[in-house]
Asks: 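For reference, the structure I am asking about is given below.
Quantities reported herein were computed from a predicted structural model and do not represent experimental measurements. Note that these values count all heavy atoms, side chains included, but never hydrogens, waters or copies made by symmetry.
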Amino acid sequence: MELGLVGLGKMGGNMRERIRRAGHTVIGYDRNADLADVHSLQELVEKLKGPKVVWVMVPAGGATQSTIDELAELLEPGDVVVDGGNSRWTDDEKHAEELAAKGIGFVDCGVSGGVWGLENGYALMYGGSAEDVAKVQPIFDALKPEGDFGSVHAGKVGAGHFAKMVHNGIEYAMMQAYAEGWELLEKVDSVTDVREVFRSWQEGTVIRSWLLDLAVNALDEDEHLDKLRGYAQDSGEGRWTVEAAIDNAVPLPAITASLFARFASRQEDSPQMKMIAALRNQFGGHAVEKK
């Protein structure tokens, strides 16, 4: 099938390549002309055959809103817009309503896979009507990992981004646990090779995971993380997860504490946050602050 893809950064560019490898046609647009296949959203839409599907991969908030506003004027009834960025689920409901007024469908899709997704595939969580999802399904199938899992129609509009938000909240807590354990091991005199302790956990233990593998990668590159400053950003989903927990009276002590730990990292050079920063760089290519 044909797909219009808006936003060709770290995620979008690799997604374009994976979809093309699956045999589909992707017409990509980005404000960086060096990355783009066309020069404008209008040109992108004109090159697609109907019913048209346009996937948006731009930053949440104003950039996503302005892109969807422009697409609403260019697309026709029966076309579909997919928001694959990290938008808040409440924005999805607003976007769906705005597009529905013009007969245009909307699907929200949480995408996980970071810089590794091109080769490994992307875990996808999407929300929307069965009719709209069906129009996008070949692209979901191209992006997902091989096998039976890694892709889910999570529910109605907003469900995809809500599921991805909770996924990221869990990720915060898991990363924090590894970071705290690493700092404690580094602190004591009796443990003389912390990196190899972490490596030994990669097989046969109940805490083995891809995050643990990435922690070992980071320690192989910088054994004591001496080159990093203990400062870790949060991308928004952790805050939204805690806010949703408050709204629904669901206790999330581990996730909440991991979010607050990131806030603390901005006040001092935290050893734990060196590991958090290293892990975010490993799986997502997020920037780190060097000493």
Side-chain angles (χ1 to χ4, degrees), residues 1-88 91-92 95-96 98-99 102 104-124 126 128 132 135-144 160-161 164 235-236 281 283-287:
M1 66 173 283
E2 291 186 349
L3 177 75
L5 183 59
V6 183
L8 302 170
K10 287 183 295 185
M11 289 281 282
N14 281 344
M15 288 168 63
R16 174 175 60 175
E17 177 61 24
R18 185 171 176 89
I19 295 166
R20 285 177 173 172
R21 289 180 185 179
H24 301 291
T25 298
V26 183
I27 301 170
Y29 170 70
D30 193 277
R31 288 187 300 177
N32 182 345
D34 293 336
L35 302 176
D37 303 314
V38 293
H39 299 97
S40 68
L41 279 180
Q42 181 174 345
E43 185 181 355
L44 179 149
V45 170
E46 289 173 350
K47 286 182 176 292
L48 293 172
K49 300 173 185 176
K52 300 173 182 179
V53 177
V54 179
W55 189 304
V56 179
M57 287 293 294
V58 301
T64 294
Q65 183 66 62
S66 63
T67 302
I68 290 177
D69 288 345
E70 188 172 350
L71 288 172
E73 300 303 318
L74 295 170
L75 294 172
E76 299 177 351
D79 295 340
V80 175
V81 173
V82 182
D83 180 6
N86 282 328
S87 294
R88 190 179 176 120
D91 291 341
D92 297 326
H95 296 153
E98 292 168 347
L99 291 170
K102 296 178 177 290
I104 302 167
F106 178 82
V107 174
D108 64 289
C109 184
V111 181
S112 182
V115 296
W116 299 81
L118 174 58
E119 299 301 330
N120 297 342
Y122 299 87
L124 306 172
Y126 37 92
D132 290 336
K135 294 176 183 178
V136 192
Q137 194 63 55
I139 302 302
F140 292 147
D141 293 341
L143 287 171
K144 69 179 288 294
H161 281 143
K164 176 59 162 51
S235 54
N281 179 257
F283 70 72
H286 299 290

Asks: Under a 3.5 Å distance rule, please check whether H161 uses its side chain to pair with a backbone N or O of R88 as donor and acceptor.
Replies: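 A pair under 3.5 Å: no.
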Asks: Where the side chain of D92 meets the backbone of D108, is there a donor-acceptor pair that is under 3.5 Å apart?
Replies: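 Side chain of D92 to backbone of D108, a donor-acceptor pair under 3.5 Å: no, none is there.
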Asks: Indicate yes or no: does K52 engage E46 in a salt bridge with an N to O separation below 4.0 Å.
Replies: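 Salt bridge flag = no for E46 with K52.
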Asks: Which word best sums up how the rings of F140 and Y126 line up, parallel for under 30°, tilted for 30 to 60°, or perpendicular for over 60°?
Replies: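 It falls in the parallel class, under 30°.
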Asks: Are the side chain of K102 and the backbone of L75 linked by a donor-acceptor contact shorter than 3.5 Å?
Replies: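 No, because the side chain of K102 does not come within donor-acceptor range (under 3.5 Å) of the backbone of L75.
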Asks: Under 3.5 Å, is there a donor-acceptor pair between the side chain of R18 and the main chain of K144?
Replies: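 Yes, because the side chain of R18 sits within donor-acceptor range (under 3.5 Å) of the backbone of K144.
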Asks: Could you tell me whether the side chain of D132 and the main chain of G105 form a donor-acceptor pair under 3.5 Å?
Replies: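 Judged by distance alone, no pair lies under 3.5 Å.
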Asks: Which pair of non-hydrogen atoms, one from G9 and one from D30, has the smallest distance, and what is that distance?
Replies: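 Taking every non-hydrogen atom into account, N-OD2, 4.1 Å.
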Asks: Look at the side chain of K10 and the backbone N and O of G285, then say whether any donor-acceptor pair between them is shorter than 3.5 Å.
Replies: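 Confirmed, K10 side chain pairs with G285 backbone.
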Asks: Do side-chain atoms of E2 reach the backbone of L48 as a donor and acceptor pair under 3.5 angstrom?
Replies: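 Looks like no, no N/O pair under 3.5 Å.
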Asks: Taking the side chain from N281 and the backbone from H286, do they hold a donor-acceptor pair closer than 3.5 Å?
Replies: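 Present.
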Asks: How about S87 and D91: does a side-chain donor come under 3.5 Å of a side-chain acceptor?
Replies: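 No.
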Asks: Is any NZ, NE, NH1 or NH2 atom of the basic residue among D37 and R16 found under 4.0 Å from an Asp or Glu carboxylate oxygen of the other?
Replies: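 Judged by the 4.0 Å cut-off on N to carboxylate O distance, D37 and R16 do form a salt bridge.
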Asks: Under 3.5 Å, side-chain donor or acceptor atoms of residues 58-69 against the rest of the protein: list the pairs with distances, not counting sequence neighbours.
Replies:
| from | atom 1 | to | atom 2 | distance (Å) |
| --- | --- | --- | --- | --- |
| T64 | OG1 | P59 | O | 2.8 |
| Q65 | OE1 | K94 | NZ | 2.8 |
| Q65 | OE1 | H95 | NE2 | 3.0 |
| Q65 | NE2 | D69 | OD1 | 2.8 |
| Q65 | NE2 | E98 | OE1 | 3.2 |
| S66 | OG | G62 | O | 3.2 |
| S66 | OG | A63 | O | 3.1 |
| T67 | OG1 | A63 | O | 2.8 |

